[in-house]
Amino acid sequence: MNLEENAKQLHDCATRGETLTTEEQSLLQAWYDQQDQAELQQLGLTAPVAEDATLPNQIPNQIKATIEQIAVTAAQIQTLTTQNEALRRENQLLRRQFAEPPVLQHA
């Protein structure tokens, strides 16, 4: 079995939750790094994003921005839920009104 096939088999084992030895984990990580580098080259990038010195500082800001976006989305969902409930009540009222026989008035 060649190195590529062995790494793919280790990847399969790891994704299935099987325990790998330290040597197998190192081999798999090296393969992952090699795959990442090949992908970066295909994309025309030279340095992996993880080597960016500003990345550790950006992560808390990204987390904060994501949490803020979640809060905005949750508020929008709550607003839509309230509006939907009002529309459901109005719909039920209209259904009851149209389900009642019309009252005829004589002139």
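All values below come from the heavy atoms of this structure, side chains included, with hydrogens, waters and symmetry mates left out.
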A.B. asks: Enter the distance from L93:CG to E90:CD here, rounded to the nearest 0.5 Å.
C.D. replies: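 Here the rounded value is 7.5 Å.
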A.B. asks: From R96 CZ over to N91 CG, what is the distance, rounded to the nearest 0.5 angstrom?
C.D. replies: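 Here the rounded value is 10.0 Å.
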A.B. asks: Roughly how far, to the nearest 0.5 Å, is CG of N84 from CD1 of I77?
C.D. replies: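 With rounding to 0.5 Å, CD1 (I77) is 11.5 Å from CG (N84).
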A.B. asks: Below 4.5 Å, heavy atoms only, C-beta onward: do Q35 and E39 meet side chain to side chain?
C.D. replies: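 They are not in contact (no side-chain heavy atoms under 4.5 Å apart), so the answer is no.
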A.B. asks: Nearest heavy-atom pair of L28 and A7: which atoms, and what distance?
C.D. replies: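 Taking every non-hydrogen atom into account, CD1-O, 3.7 Å.
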A.B. asks: Do D33 and Q37 pass the side chain to side chain donor-acceptor pair (under 3.5 Å) test, and can you show the C-alpha distance, the side-chain angles, and the key distance before you say yes or no?
C.D. replies: CA-CA 6 Å; D33 293 343; Q37 190 63 37; over 6 Å; no
A.B. asks: Should D12 and K8 count as side-chain neighbours, where that means a heavy-atom distance under 4.5 Å?
C.D. replies: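 No, their side chains stay 4.5 Å or more apart.
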A.B. asks: So W31 and H11, would you call those rings parallel, tilted or perpendicular, with 30° and 60° as cut-offs?
C.D. replies: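 If you compare the ring of W31 with that of H11, the planes turn out tilted.
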A.B. asks: How long is the gap from CZ on R89 to CG on L94, to the nearest 0.5 Å?
C.D. replies: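 Reported value, rounded in 0.5 Å steps: 13.0 Å.
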A.B. asks: Rounded to the nearest 0.5 Å, what's the gap from OG1 on T66 to CD1 on I70? Could you check?
C.D. replies: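 Result: 6.5 Å between the selected atoms.
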A.B. asks: Take a 6.0 Å sphere around CD of E18 and say whether it holds more than 12 heavy atoms from other residues, nucleotides or ligands.
C.D. replies: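 Enclosed.
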A.B. asks: With rounding to the nearest 0.5 angstrom, report the CD to CD distance, Q25 to E23.
C.D. replies: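 Between Q25 CD and E23 CD, I get 11.0 Å after rounding to 0.5 Å.
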A.B. asks: Side chain of E24, backbone of T21: donor and acceptor closer than 3.5 Å?
C.D. replies: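 Yes.
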A.B. asks: Please name all residues satisfying side-chain hydrogen bond (donor to acceptor under 3.5 Å, both in side chains) with T73, sequence neighbours left out, ordered by chain then number.
C.D. replies: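 In terms of side-chain hydrogen bond (donor to acceptor under 3.5 Å, both in side chains), with neighbours along the sequence ignored, T73 is linked to Q69.
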